[in-house]
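Computed over heavy atoms, backbone and side chain alike; hydrogens, waters and symmetry mates excluded.
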Amino acid sequence: MASVVPLKDKKLLEVKLGELPSWILMRDFSPSGIVGAFRRGYYRHYNKDINVKKGSIAGLTVVLACYVVFNYTFSYKELKHER
């Protein structure tokens, strides 16, 4: 017998498409809620890619990919006019 999880406690990937608008409205959009969401995302990334017992190139790859995307967005106008 499966237990029913309240909509507020579901993760985004567990929400069905019909439940999405009400799930979004249940989120905390106050400044402290937004800061908390960024903090949870940072700690999730840190514990998954940076703070590991046996390191790999994955953490460095993520940082380099972010660097490339960041620089591409700032130089898009110049790259677009070169054509």
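- For the atom pair C66 SG and H45 NE2, the distance stands at 7.5 Å (nearest 0.5 Å).
- I24 and L13 fall into different hydrophobic clusters, defined by Ile, Leu, Val, Met, Phe, Trp and Tyr side-chain heavy atoms under 4.5 Å apart, directly or through other members.
- Distance check: R27 CZ to K8 NZ gives 7.5 Å after rounding to the nearest 0.5 Å.
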Practice item. For side chain to side chain donor-acceptor pair (under 3.5 Å), just list the numbers for N71 and Y67, CA-CA rounded to whole Å, side-chain angles, deciding distance to a tenth of an Å, and then say yes or no. Key: CA-CA 6 Å; N71 282 328; Y67 175 74; 3.2 Å; yes
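- For the atom pair Y43 OH and N51 CG, the distance stands at 11.5 Å (nearest 0.5 Å).
- Both F29 and L20 belong to a single network of hydrophobic side chains, linked directly or stepwise wherever heavy atoms of I, L, V, M, F, W or Y lie under 4.5 Å apart.
- V5 and D9 make their closest contact through CG1-CB, 4.0 Å (heavy atoms, listed as atom of the first residue, atom of the second, distance).
- Between G33 and D28 the shortest heavy-atom distance is CA-OD2, 3.3 Å.
- For F70 and F74, the ring centers sit closer than 6.0 Å to each other.
- The neighbour count for L25 CG, taken as heavy atoms of other residues, nucleotides or ligands under 6.0 Å away, is above 12.
- No more than 12 heavy atoms of other residues, nucleotides or ligands lie within 6.0 Å of NZ in K48, so this atom counts as exposed by the packing criterion.
- Ring-plane geometry between Y76 and Y72 is classed as perpendicular, the angle between the planes exceeding 60 degrees on a 0 to 90 degree scale with a lower cut at 30.
- One hydrophobic cluster holds both L12 and L17 under the rule that ILVMFWY side chains link at heavy-atom gaps under 4.5 Å.
- Atom CH2 of residue W23 and atom CD of residue E14 lie 10.0 Å apart, to the nearest 0.5 angstrom.
- The CE atom of M26 sits 9.0 Å away from the CD atom of E19 when rounded to the nearest 0.5 Å.
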